Undergrad: 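I have a structure I would like to understand better, so I am pasting it below and will then ask my questions one at a time.
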Amino acid sequence: MREAGDLLRVENLVTRFKSVERGKWVTAVDDVSIRLAPGEMVGLVGESGCGKSTLGRSIVGLERPQSGRIVLDGVDLSSLRGRALRERRRAIQYVFQDPYASLNDRQTIGETLAEALTIIGVKDREKQRRRIHTLLDQVGLPDGLAERFPRELSGGQRQRVAIARSLAVEPRVLICDEPVSALDLSVRAQVMNLFLELHGNLGVACLFIAHDLALVRQATSRTYVMYLGRIVEDAASAELYARPSHPYTQALLGSIPSADPRIEAHREPPPIFGDIPSPTNPPSGCRFRTRCPRATEICAASPPPPVELAPGHHARCVIAAELHTLHRSVPHGLPMPA
Ligand SMILES: Nc1ncnc2c1ncn2[C@@H]1O[C@H](COP(=O)(O)OP(=O)(O)OP(=O)(O)O)[C@@H](O)[C@H]1O
Ligand SMILES: [Mg+2]
């Protein structure tokens with residue numbers, strides 16, 4: 001069902017890979033549903049290998065999902081083929097983590113941007129020149145950079161160019177796959193601020209993939225938490241961070257470093273323990289149960305259905321409602337496992 005106001009709706013998406021282990025499948029994205037409203041900035045967090053990039057890549061068509069639907073502006077993309085599909089898909093652009101791998105080293109920055117403009121039919125040289133000027137300006141780069149090659153640029157500048165290239169085709173959704181994590185700490189905040197600025201000025205919706213929960217908390221209005229291919233919790237970001245109600249989210253939040261050095265000095269090690277199970281052989285029932293401090297036999301039986309804990313706040317855990325209620329009685333800090 002399309003809810004009023006959704007720009008992008010991913011429904012029950014499943015993307016599997018044949019793994020290197022012979023004959024085994026990895027279900028990297030397992031029955032995932034997410035939605036984005038126009039202009040909304042939404043976070044997607046989870047540990048390495050949980051399927052965040054595969055979900056993003058499936059949305060833009062870089063991976064081929066086995067089942068599920070991707071609905072953009074009410075149109076199911078799987079119902080389209082060829083040119084119609086390419087044109088629709090252009091509204092969704094991907095910003096990669098690695099600004100060194102995502103630009104063509106043989107093209108100047110101007111040529112790279114001109115190529116993107118040609119795709120949307122802006123072929124006139126003078127129009128291209130003006131548009132390139134605007135694009136570079138939008139991402140905080142000087143006009144003179146158009147003559148340069150990617151190898152002459154810093155990581156932060158390259159990522160700005162990659163963002164300009166995405167913007168050139170006038171997207172409505174950006175999938176930002178850890179776009180600042182490969183950058184030096186000193187430029188991360190600047191590029192992050194650029195995203196917030198673009199989002200504010202241009203109204204482009206963003207699915208912001210990150211490990212860094214502090215970053216997502218600051219930037220997004222809603223957050224999805226992913227574990228081993230599944231969304232385990234989602235809520236308005238303020239609600240999620242105030243009342244995390246899936247034991248996995250609680251564990252992840254325990255790993256947010258504090259800006260306060262006194263807290264940081266006495267910080268407990270993250271309460272999450274053990275490694276992510278092999279995705280070729282995930283646990284039955286709740287996938288987090290093998291690492292969950294609160295797991296009981298019931299968790300092995302079947303995957304817990306999503307429970308709505310507050311308007312727009314869902315968690316897939318049999319005791320999520322109990323954990324959510326506990327937040328009211330424990331005003332300081334997270335409720336700890338018994
Ligand atoms: N092309 C592929 N072939 C086989 N397996 C793959 C492929 N791409 C991803 N996988 C597997 O799918 C799972 C999800 O990987 P994915 O890259 O989506 O995770 P991620 O959450 O983006 O991780 P990270 O935070 O490290 O970027 C992993 O088990 C990974 O090994
Ligand atoms: Mg990834």
Side-chain angles (χ1 to χ4, degrees), residues 10 12-34 36 42-68 70 92-102 155 159 162-163 166 173-183 188 191-192 195 206-217 219-220 223-234 240 246 248-249 251-253 255-257 270 272 274-284 286-288 290-291 303 316:
V10 173
N12 309 103
L13 202 77
V14 177
T15 304
R16 307 167 85 200
F17 298 111
K18 196 91 171 198
S19 95
V20 277
E21 288 177 60
R22 251 180 111 84
K24 292 202 171 167
W25 287 87
V26 175
T27 307
V29 173
D30 192 359
D31 195 19
V32 165
S33 299
I34 63 169
L36 251 86
V42 170
L44 175 65
V45 299
E47 283 164 294
S48 185
C50 72
K52 304 180 296 296
S53 296
T54 307
L55 173 58
R57 292 169 60 84
S58 303
I59 295 172
V60 293
L62 292 168
E63 306 291 352
R64 210 193 155 118
Q66 263 65 34
S67 57
I70 296 156
I92 315 174
Q93 290 289 313
Y94 205 87
V95 179
F96 293 87
Q97 175 176 8
D98 184 359
Y100 289 89
S102 62
Q159 196 60 307
I163 296 164
S166 304
V173 182
L174 283 184
I175 311 268
C176 306
D177 193 351
E178 310 207 38
V180 299
S181 58
L183 304 177
R188 267 188 211 178
V191 177
M192 193 60 212
F195 272 111
C206 250
L207 180 67
F208 200 90
I209 300 176
H211 274 110
D212 188 340
L213 284 171
L215 206 69
V216 170
R217 173 191 211 158
T220 60
T223 301
Y224 289 94
V225 181
M226 195 166 182
Y227 184 79
L228 257 185
R230 292 193 182 143
I231 301 297
V232 295
E233 186 164 9
D234 67 276
L240 186 84
H246 192 290
Y248 178 60
T249 315
L252 269 185
L253 285 172
S255 66
I256 286 194
I272 192 160
D275 295 324
I276 292 193
S278 163
T280 57
N281 187 23
S284 65
C286 171
R287 297 229 165 140
F288 187 55
T290 54
R291 300 167 79 194
R316 289 173 183 262

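Predicted, not measured: the structure shown is a model, and the values here were computed from it. Ligands are counted one by one from 1 in listed order, and the atoms in each one are counted from 1 as well.
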Undergrad: Tell me, which protein residue and heavy-atom name are nearest atom 25 (O) of ligand 1, and how many Å apart are they?
TA: Lys52 NZ, 2.8 Å
Undergrad: Heavy-atom contacts under 4.0 Å between Cys50 and ligand 1: side chain, backbone, both, or neither?
TA: both
Undergrad: Could you tell me whether Arg287 and Asp30 have a side-chain N and a carboxylate O separated by less than 4.0 Å?
TA: yes
Undergrad: If you have a sec, work out which protein heavy atom is nearest atom 1 (N) of ligand 1 and how many Å separate them, to one decimal?
TA: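 For this ligand atom, the closest protein heavy atom is Phe17 CE2, 3.7 Å.
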Undergrad: Under 30°, 30 to 60°, or over 60°: which ring-plane class applies to Phe288 and Tyr227, parallel, tilted or perpendicular?
TA: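 Ring orientation, 0 to 90° scale: perpendicular.
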Undergrad: For atom 12 (O) of ligand 1, what's the nearest protein heavy-atom neighbour? Residue, atom name and distance, please.
TA: Ala28 CB, 3.4 Å
Undergrad: Would you say the side-chain atoms of Ser58 and Thr15 include a donor-acceptor pair closer than 3.5 Å?
TA: yes
Undergrad: Looking only at heavy atoms, is any part of Arg57 under 4.0 Å from ligand 1, and if so is it the side chain, the backbone, or both, or is it neither?
TA: neither
Undergrad: If we ignore hydrogens and angles and just use 3.5 Å, is the side chain of Lys52 paired with the main-chain N or O of Gly46 as donor and acceptor?
TA: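 Looks like yes, one N/O pair under 3.5 Å.
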Undergrad: Heavy-atom distance from atom 30 (C) of ligand 1 to the protein below 4.0 Å?
TA: no
Undergrad: Name the closest protein heavy atom to atom 26 (O) of ligand 1, giving the residue it belongs to and the distance to 0.1 Å.
TA: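 In this structure, atom 26 (O) of ligand 1 has Ser48 OG, 2.4 Å as its nearest protein heavy atom.
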Undergrad: Specify the protein heavy atom at minimum distance from atom 28 (C) of ligand 1: its residue, its atom name, and the distance to 0.1 Å.
TA: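 It is Gly49 O, 3.7 Å.
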Undergrad: Just by distance, no angles: are the side chains of Tyr248 and Glu47 close enough, under 3.5 Å, to form a donor-acceptor pair?
TA: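 Side-chain D/A pair, Tyr248 to Glu47: present.
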Undergrad: Would you mind checking which non-hydrogen protein atom is closest to atom 17 (O) of ligand 1, with the distance to 0.1 Å?
TA: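 Minimum-distance protein heavy atom for atom 17 (O) of ligand 1 reads Ser53 CB, 3.9 Å.
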Undergrad: Determine whether Phe208 and Phe195 make a side-chain contact, defined as any pair of heavy atoms from C-beta on separated by less than 4.5 Å.
TA: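 In contact.
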Undergrad: Who's closest to atom 16 (P) of ligand 1 heavy-atom-wise, of Thr54, Leu55, Leu228?
TA: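 Answer by nearest heavy atom: Thr54.
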Undergrad: Does ligand 1 come near enough to Gly51 that some N or O of the ligand is less than 3.5 Å from an N or O of the residue?
TA: yes
Undergrad: The Mg ion (ligand 2) and Ser53: any N/O/S contact shorter than 2.8 Å?
TA: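 Yes, Ser53 qualifies, because one of its backbone or side-chain N, O or S atoms lies under 2.8 Å.
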Undergrad: Look at ligand 1 and say whether Ser19 reaches it with a heavy atom at a distance under 4.0 Å.
TA: no
Undergrad: Hey, which atoms in ligand 1 end up nearer than 4.0 Å to a heavy atom of His211?
TA: 25 (O)
Undergrad: At a non-hydrogen distance cut-off of under 4.0 Å, which region of Glu178 contacts ligand 1 (side chain, backbone, both, or neither)?
TA: side chain
Undergrad: Hey, does Val225 have a side-chain heavy atom less than 4.5 Å from the side chain of Asp234?
TA: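 Contact flag for Asp234/Val225 side chains = no.
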Undergrad: Are the side chains of Ile34 and Ile231 in touch, meaning some heavy atoms are under 4.5 Å apart?
TA: yes
Undergrad: Quick one: does Arg316's side chain have a donor or acceptor within less than 3.5 Å of a partner on Val232's backbone?
TA: no
Undergrad: Quick check: do Gln159 and Tyr100 have side-chain heavy atoms less than 4.5 Å from each other?
TA: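 Contact flag for Gln159/Tyr100 side chains = no.
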